[in-house]
Structure formats: structure tokens, C-alpha cells
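Before any comments, here is the structure.
Just so you know, residue 1 is the first one in the sequence shown, and it goes up from there. Counting convention: from 1, in listed order, for ligands and their atoms alike. Owing to the predicted nature of the structure, the values given are computational and were not obtained by experimental measurement.
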Amino acid sequence: MRAVVISRPGGPEVLEIRDIPEPSCRPEELLVNIRATALNRADLLQRRGLYPAPPDAPQDIPGLEFAGQVGACGAAVSDYRVGDRVMGILGGGGYAEKVAIHQGLCIRVPEALTWEQAAAIPEAFLTAYDALHRQARMARGEFLLLQAAGSGVGIAALQLAAAGGLRAIGASRSESKRLLLQKLGAGPLLDPRSVAFVEQVLELTGGEGVDVILDMIGAAAWPLHSRLLRARGRMVVIGLMGGARCEIDLGELLRRRWTIVGSVMRSRSVEEKIELTEEFSRRIMPLFENGRLAPWIDRTLDLSQAGEAHAVMERNENLGKIVLTIGRH
Ligand SMILES: NC(=O)c1ccc[n+]([C@@H]2O[C@H](COP(=O)([O-])OP(=O)(O)OC[C@H]3O[C@@H](n4cnc5c(N)ncnc54)[C@H](OP(=O)(O)O)[C@@H]3O)[C@@H](O)[C@H]2O)c1
């Protein structure tokens with residue numbers, strides 16, 4: 001089968017299409033013919049040699065999500081048949097024509113969604129759902145702050161927030177992204193680099209600050225985040241685009257009774273991922289079927305253009321997901 005391989009650590013040019021052996025299918029696994037996959041920030045780090053894949057995933061094929069058709073079923077598979085449309089998250093290996101995946105990690109693709117739309121859902125929406133509802137335990141009416149609002153995960157979180165009755169305040173450094181998100185009804189969108197940013201968030205939250213911060217930036221954002229998290233607020237750290245190391249005043253953490261949680265999807269056990277996938281399928285997938293939620297695709301390219309797609313993401317140009325299609329549709 002064809003796959004995109006990281007030939008050596010480096011820039012987008014190190015991604016090469018190669019012919020490699022097909023994965024084999026264990027008893028509880030499906031062999032899926034992938035129709036589309038999508039990029040994630042982690043793919044860029046993996047390509048540079050800074051984020052190795054977990055031991056059970058291919059080390060040199062990026063790709064944390066897929067949508068495709070079941071081509072074969074392992075002997076113990078009971079939930080799916082050949083031909084079923086499925087999507088899901090992976091530890092790696094999504095930039096390929098085929099993948100073997102545990103049946104419990106698959107989500108049925110609703111009729112109404114194209115392969116491209118389906119591939120744009122799993123990683124962003126599962127991550128955002130887990131962070132907002134399982135880690136932060138957000139309640140209706142609470143205020144949520146998130147920077148990088150135009151990222152794949154950011155847009156998923158804004159949509160889930162609206163669907164769950166949360167009051168989201170988004171921020172993005174890019175004016176064009178803020179304008180586009182605003183036109184599409186995403187609620188208040190602010191410039192985190194403006195001197196008025198802290199004032200604006202405090203004004204929107206009645207002077208109290210927000211209940212929850214979904215942090216994809218890390219160290220560089222802590223000086224702002226620490227001024228904007230209200231007493232008893234919760235912060236879920238899921239990304240470190242602005243660095244990992246910073247100084248935290250533990251006295252402030254203690255006095256303000258903050259909860260700070262770190263969370264990552266990729267290295268979780270299969271059992272944990274299956275539990276999350278089942279809950280997501282049950283609670284969230286109906287919202288894609290009735291159109292309340294919709295994946296947001298920035299652009300679609302062919303698998304052979306993976307390098308170009310990585311360069312777009314590295315330049316922070318995408319608003320929402322970059323999808324790679326595979327084979328004929
Ligand atoms: N923990 C997990 O399991 C998990 C899973 C998936 C993703 N994530 C994390 O979620 C974040 C978003 O991922 P994604 O794939 O959705 O990203 P994406 O679509 O590539 O969007 C990232 C956006 O973040 C903004 N940005 C980049 N560097 C920044 C910085 N230093 N400070 C502030 N903003 C910055 C840029 O938008 P502007 O131009 O608007 O600033 C960029 O377009 C990443 O941190 C990723 O690692 C975590």
C-alpha cells in the first residue's frame with residue numbers, strides 16, 4: 001500500500017510517498033481502507049523528530065485520525081461488517097491507504113457526512129469534548145476562554161461550547177481568522193496581543209474572569225491566563241505551542257483554589273480511548289447527524305501533497321482542519 005513516510009527528521013520535504021506492506025489485522029481489529037485523513041499539530045512535531053509515536057503505532061507514518069471503509073474484519077469482530085463507513089483516532093499511521101484498528105475505537109460515519117468531513121472530526125472533537133466535559137466538567141452558563149480559536153481543536157471547542165450552553169470567549173492572533181469566525185457566529189473573538197485583552201475578558205465576565213481555560217499555548221500564555229482565571233477556576237492544558245516551562249506562583253494557586261489539569265489523547269491506553277469513543281458516539285454524534293455540529297475544513301489536498309499541507313499548517317495559515325484524501329471516492 002502507499003503511505004507517507006517520514007524519511008528523516010526535518011522540514012516538510014522529508015515526507016515521502018512509499019510502497020510499504022499492508023498492516024495485518026488482529027482478531028478484534030478492522031482493516032480499514034482509508035479515504036481521508038487530516039493533519040494535526042502533533043504531526044509537525046513528529047516529523048521534526050520531537051514527538052515519537054507510541055510503541056504500538058508505526059514510528060515513521062504520521063496521521064492521528066482517519067475516515068474510511070471496512071475492508072476486512074478480524075475473527076472476533078462483532079460490531080462491524082465489510083463496507084461499513086467508520087472514522088476514529090489513531091496513535092499514528094493515518095497517512096496511508098490502510099490501517100488496522102480495534103473495533104472499539106471506531107465511530108460510525110453518518111450518511112450525511114463526506115469522507116473529508118468525517119476525517120476532520122475525530123482528533124479535534126474528541127480532544128475538545130474530553131477537555132471541556134470530562135476534564136473541566138463544564139456546566140451550562142460557565143465562561144470558557146480559549147486562545148488559538150481558529151485551530152482545528154479551537155473551532156471544535158467553540159462549537160461544542162455553543163451546543164452545551166457554555167459562554168465561550170475565543171482569541172486568535174490573526175485578524176482575518178477572528179473576522180471569519182465572528183461572521184460565522186462564534187461569539188466574542190479577541191486579540192490576545194492587544195493591551196486591552198485582559199480588560200476585555202474581565203468586562204465580558206462581569207469582572208470575575210473565566211471559569212475554565214482550554215490552554216493550547218502553555219508557558220507563553222500563563223501570564224495572561226493567571227490574570228483571567230477566576231477563583232476556583234479550572235484550566236486544562238492540552239497544548240504547548242508557546243513553550244512548556246514557566247514560573248507559577250503556587251501561593252496564588254492555593255489562595256485562588258485553582259485546578260490545573262494536563263491531558264493528552266495519543267498516549268492513553270486502548271481501554272481509555274474506547275471508553276471515550278463510546279461516550280462520544282452516544283452523546284455527540286447525534287449532533288453531527290442533525291447538523292448542530294459540523295467539521296470545519298480549511299482545505300483538502302491529496303495524500304501526495306502532505307508536505308505542502310504541513311507547510312501550510314507550519315505557517316499558521318489554516319482556519320480549521322487540513323484534510324488529505326486518499327484514493328478514488
Ligand atoms: N492534548 C491532546 O491530546 C491534543 C490533541 C490534539 C491537539 N492538541 C493541541 O491543540 C492545539 C491545536 O492543535 P491543532 O492541530 O488544532 O492546531 P492548528 O489547526 O494547526 O492551529 C494552531 C493555531 O494556533 C495558533 N498558534 C500557533 N502557535 C501559537 C503560539 N505560539 N501562540 C499562540 N497561538 C499560536 C495559530 O493560529 P493564530 O494564527 O490564530 O494564532 C495556529 O494556526 C495544539 O497545541 C495541539 O498540540 C492536543
Return each pair, listed once, that meets ring pair (Phe, Tyr, Trp, His ring centres under 6.0 Å) where at least one residue sits in residues 69-112; pairs must be two or more places apart or across chains.
Tyr95-His310
Got a donor-acceptor contact below 3.5 angstrom from the Glu28 side chain to the Ile101 backbone?
no
Just by distance, do the side chain of Arg256 and the backbone of Leu229 share a donor-acceptor pair under 3.5 Å?
yes
Other cluster members, Leu45 - Ile/Leu/Val/Met/Phe/Trp/Tyr, side-chain contacts below 4.5 Å
Leu50, Tyr51, Val264
Please list, by chain and number, the protein residues whose heavy atoms come under 4.0 Å of ligand 1.
Asn40, Arg41, Glu123, Thr127, Ala148, Ser151, Gly152, Val153, Ser172, Arg173, Ser174, Lys177, Met216, Ile217, Ile238, Gly239, Met241, Gly242, Ser263, Val264, Met265, Met313, Asn316, Asn318
Does the Lys NZ or Arg CZ of Arg227 fall within the cation-pi geometry relative to Trp222 - under 6.0 Å from the ring centre and within 45° of the axis?
no
Pairs meeting criterion side-chain hydrogen bond (donor to acceptor under 3.5 Å, both in side chains) with involvement of residues 234-254, two or more places apart
Glu142-Arg234
